[in-house]
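This report concerns only the one structure given below.
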Amino acid sequence: MPAAIEVEGLVKRYGGLTAVDRIDFSVPAGSVFAFLGPNGAGKTTTVEILEGLRQRTSGTVRVLGLDPWSDGAELHRRIGVIPQEFRFFEKITPREAVEYYRALFGSSVDPDEVLGRVELLDKRSARFDQLSGGQKQKLGLALALSNDPEIYFLDEPTTGLDPHARRAIWNVIRSIRAAGRTVFLTTHYLEEAELLSDRVAIIHHGHLIAVGTAAEIIAAHGGPARAVFEAAPELATRLTARLGVAARASGGRVVVDLAGPHDALRVLSAAEESGLPWSSFSTERDTLEDVFIRMVGEMDDGALKGESAP
Amino acid sequence: MNPKRIGADLAVVARGYYRNPAALFFSLIFPLILIGLFGLIFSNTGTTTVTLEVLNENPHSPLVTKFLSALNNTTVVKVAVVPASTVSASGFSAWLGQNGDPVGLVIPATFTTNYSSGTQVNLTMFANPQDAAAAGEAEFAVSGVANAFNLAKAGGSSLIQLAGTVQGVGGTNLVYVDYLIPGLIGFSILTSPMFSMVDVASSYRKEGLFRQLSLTPLTRSEWLTSRIAWYILLTFAAAGIMLGMGVGVFDAHVSLNAGLIPYLVVGPFLFVSLGMLAGSVAPTPESAAVIGNIITFPMMFLAGTFFPVSEFPPGLQTFARVLPLYYVIDGMNQVMLFHNTMRAAADLAVVVVAGVVVFLLAVRLFRWRDA
Ligand SMILES: Nc1ncnc2c1ncn2[C@@H]1O[C@H](COP(=O)(O)OP(=O)(O)OP(=O)(O)O)[C@@H](O)[C@H]1O
Ligand SMILES: [Mg+2]
């Protein structure tokens, strides 16, 4: 698959602050790419550079084969964007807004159909300044849909939405992907990234600290898989003695790291042999969220230590 | 330039205005209030005594003496006789202007002989359009006395009458409200786009609306063109209101002709672009407002809006000629009052050139997106 987005050595400086520091990644056409990172990590800066709204300091960026800054006019016909804080004309209604976009892009979408997709049909005649935050966000998505673009750039499209509305947006993203379009999605919801995306990148202080599928990132950066019993702490002592691996007890749970995927049976037998009671047994592994929090936390700890060193 | 995109944007602008009563108020009701206010102030006939300078070309006539004392008896005017040796009838208007006298009357040499023989007597009156109140009172007194003299003569026909319209001090035959109409149309052509475009330029940038628009195929020149089109429409409406009020209510003697139309088009073209330019070069909405005011305020008062530039001291007249609005208002004066086509065309050319330059600069300097 050809790459819809290619980024090499991208740097963005705001005065003395390096918001994006030599990042590389590529997004295959037809896939959903989730861009994760804590507040101020450089997500919006990166997205805006890809959209051609911001000029990069250095590096190469190709979106649909175009340079977003210098070929902006051509690129903008072919992409759809929801900015992080979507604002529009105060007195316009959602229906008029979609009609306006349709006229500007010369597209032939049916406004009601588009508003229906984002579940905003009931507010189609309300003025923009009377819409709720979530409704405004939905209108942003409706406008992004109205020129049937090849790539969607969605900067935190579901932030502030209720769970129902969030699912509605997820469905739209799935339908976009099903239609073979590319999605570049930033989000703070790790679950959302895992659920919707083909590939994930984590950015922190302007550096990419992980890129790949969620499973790859978890495999590379997550802890080992674990066996978990609900049992009294004595079980931990017995298991440690029998297996030669440290078992941990806390909060009514006894946890043993597994050496590999087929190690669970051995641990379970050891528990049976101990003769001690336990009420449930399961295996678990890190979620993307666990990995994200650990990686970001470790980097920040490191940074703090580094700063305090003389 | 794609007309369909301009049309779509124009529809959005128009609806936004329609739904924003404050904006509509300033664009349409404000001109109405302005013309109403100024019209009322300057067509007001008060009861103060006005000194009427009378150039008597028919001295030593008992009839003229009787006529003048009848004028004094009205208590509306106080007659001050100017001997015919001081100034000629043709130089009288200028003489009045130099002496700062608001109203003057010429008694022709033929007054007595014509009146006695039943031939018509034409009186010529001069009035300073800036002092419309004095002019109105003097005209009222002179025609009242003339009527009485006409009635006294057998038959009561209009033997003595004011010749045509009142002549203006300074050589024109205009009253204040006549100057007021082109001036106030110019005022509205200036203020309505300037104030709002300066604000739009900076607030759209701050709110990210320009970035949002930059993500569409709409170009900056299309966007600016749609705004210009909108203000041309507003200007036609405002000019219509002011002409209607001025002519209908305050008896302005302006001639309505198609020559006015180019000014109602290029005027908004110039000032929408200028407002956009001012708003674009300013770093913040606050500084934009300051820059906008620095550009707008001198023009609001010194470009012939409320007072004819010809009444200004010479230094201020020179300054007025630097202001682009001067050429818009002077052009409209030439078309509507003086019928001086050559000068009107020259004024128009100045406005067109200024408009094109400012439009191109504005399109170049205003940014959809920031680096
Ligand atoms: N216009 C700007 N001028 C100066 N600094 C900026 C500007 N925009 C962003 N920054 C800085 O760059 C860094 C990255 O900001 P960015 O908006 O890209 O973060 P983000 O990952 O989108 O954060 P969030 O999750 O809060 O939206 C931040 O430290 C921010 O303060
Ligand atoms: Mg952001």
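Values below: every heavy atom of this structure, side chains too, minus hydrogens, waters and symmetry copies. Order of the sequence lines sets the chain letters (A, B, ...), proteins ahead of strands, with each chain counted from 1. Not measured: the values here are computed from a predicted model.
- Both the backbone and the side chain of B/L215 come within less than 4.5 Å of a heavy atom in chain A.
- With a threshold of 4.5 angstrom between heavy atoms, B/I6 does not approach chain A through any atom at all.
- Most heavy-atom pairs under 4.5 Å with chain B: of the set A/G52, A/G72, A/A73, this distinction falls to A/G52.
- Of the two parts of B/N2, neither the backbone nor the side chain holds a non-hydrogen atom closer than 4.5 Å to a non-hydrogen atom of chain A.
- Taken to the nearest 0.5 Å, the CG atom of B/L218 stands 10.0 Å off from the CZ atom of A/F105.
- Your options are A/E85, A/E51, A/R127, A/R77, and the one with the most heavy-atom pairs under 4.5 Å with chain B is A/R127.
- Ranking A/K91, A/R102, A/E99 against chain B, the residue ahead of the rest is A/K91, based on heavy-atom pairs under 4.5 Å.
- Closest of all the heavy-atom pairs between B/L209 and A/R87 is CD2-O, 3.7 Å.
- Counting heavy atoms of neighbouring residues, nucleotides and ligands inside a 6.0 Å radius, atom CZ of A/R174 exceeds 12 of them.
- Nearest approach of B/V12 to A/Y100, heavy atoms of both residues: CG2-CD1, 3.5 Å.
- Atom CD of residue A/E90 and atom CD of residue B/E207 lie 6.0 Å apart, to the nearest 0.5 angstrom.
- Of the two parts of A/S146, neither the backbone nor the side chain holds a non-hydrogen atom closer than 4.5 Å to a non-hydrogen atom of chain B.
- For A/R22, the CZ atom is loosely surrounded, since the number of other residues' heavy atoms within 6.0 Å does not exceed 12.
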Item to check | CA sep, side-chain torsions, deciding dist, call: B/R19, A/E96, salt bridge (charged side-chain N to carboxylate O under 4.0 Å, His left out) | outcome: CA-CA 14 Å; B/R19 290 170 188 167; A/E96 290 162 359; 2.7 Å; yes
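- The shortest heavy-atom contact between A/P83 and B/Q212 is CG-OE1, 3.4 Å.
- Here the closest heavy-atom approach between residue A/A103 and residue B/K4 is recorded as O-NZ, 4.1 Å.
- Considering CZ of B/R5 and CG of A/L104, their distance stands at 7.5 Å, rounded to 0.5 Å.
- Using a 4.5 Å cut-off between heavy atoms, A/E74 makes no contact with chain B at all.
- Of all heavy-atom pairs spanning A/H76 and B/S214, the tightest one is ND1-O, 2.7 Å.
- The candidate with the highest count of non-hydrogen atom pairs below 4.5 Å against chain A, out of B/A11, B/G7, B/A8, B/P217, is B/P217.
- Only the side chain of B/Y204 has a heavy atom closer than 4.5 Å to any heavy atom of chain A.
- Around OH of B/Y18, the count of heavy atoms belonging to other residues, nucleotides or ligands within 6.0 Å does not exceed 12.
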